[in-house]
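Comments concern the structure below.
Not measured: the values here are computed from a predicted model.
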Amino acid sequence: MAIGIAAKSDEHLGILKQLTKVLSAEGVEQRLRDASKGEEIAALLNGDVQLEADFDASLIQLLFPASDMVQMSAVAGGLLKNTGCGEKELVADLITKNPTHLGKGLWLVGSEKSVTRTGVSFVSTANDCEFEGEQVRGLVAFAACNNAHQSILSNLSKIVFNGEQEKLLNANAAQVIGLLSNEEFSGEGVTVQSLEQDDTAADNVAVYKIKNAHGLHARPGAMLVAEAKKFESTIRVSNLDGDGKEVNAKSLMKVIALGVKHGHSLQFTAEGTDAAVALESIGQAINAGLGEG
């Protein structure tokens, strides 16, 4: 499939952002291949069809002082309701469901009742509590009205299969997203760092302003990604003038999806043995124009 774009200056950045978001979703190739009408393709590329489950920091509640599974389910359902994934009936249904124990205190529950958008929430508790004689430490909840949650469910299955529930249960919000998102298992070279973080990790953050006249389109974006890939460290980047979401700086699709325009500021966070050198090198590449002078 080929997609042609005609645009002046940086007008196409919004289109590229939307396209990369859609085309990086799992299963979209088959959906496009199976489309029989132009309207179906347009709906897919415009984002009118949900391809990925809603899952971000607003759907995560860590160390909630819950004393039983009912409270855990209520909080998980409330997160889904408050972010527009369902109505109050969804919360009530999750509370009455019997969750599945995935081992080591991690539980799973789901519902299809009164769901408006497919989403995933995660809740952990700071208290010692049990359900049916098993420890309760964390709960993953699904609200499903389509199959957009399948990739997250697949990643969760891999975590359980590998016996890595502790990694998820002890993670911070960013790490939870990384573990359950496609990125963790996509082969893009991203790994979630050990929970025993280096005390100097917080220092390995840098902010650079994009000078390219037409923003971070495909060509300079590829140059930026190529620079990041020179280093072993895990490198994350966010657009401070966009939604602020961090993505893998070594993924061209993710970087282009940031929709970076001229004058936007990018924040890079690096973790690893060559983190400081990586950030300095990336800064030099950006100041040099990323191949565009």
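Nearest heavy atom pair, residue A143 against residue L90, reads CB-CD2, 3.9 Å.
A salt bridge is defined here as a Lys NZ or Arg NE, NH1 or NH2 lying under 4.0 Å from an Asp or Glu carboxylate O, and E166 with R137 meets this definition.
Crowding of K97 atom NZ: a count of heavy atoms from other residues, nucleotides or ligands under 6.0 Å exceeding 12. Applying the 6.0 Å contact sphere to CD of Q135 captures more than 12 heavy atoms from other residues, nucleotides or ligands. More than 12 heavy atoms of other residues, nucleotides or ligands lie within 6.0 Å of CD in E292, so this atom counts as buried by the packing criterion.
Although no hydrogens or angles enter the test, the distance criterion places no donor-acceptor pair under 3.5 Å between the side chain of D274 and the main chain of F231. Between the H149 side chain and the A53 main chain, no donor and acceptor come within less than 3.5 Å of each other.
Between W107 and F131, the two ring planes are perpendicular [angle over 60°; tilted spans 30° to 60°].
Rounded to the nearest 0.5 angstrom, C85 SG and D54 CG are separated by 4.5 Å. To the nearest 0.5 Å, the span separating NZ on K113 from NZ on K88 amounts to 11.5 Å. The CG atom of L106 sits 12.5 Å away from atom CD of E134, with the distance rounded to the nearest 0.5 Å. Note: L80 CG to N82 CG = 9.0 Å, rounded to the nearest 0.5 Å.
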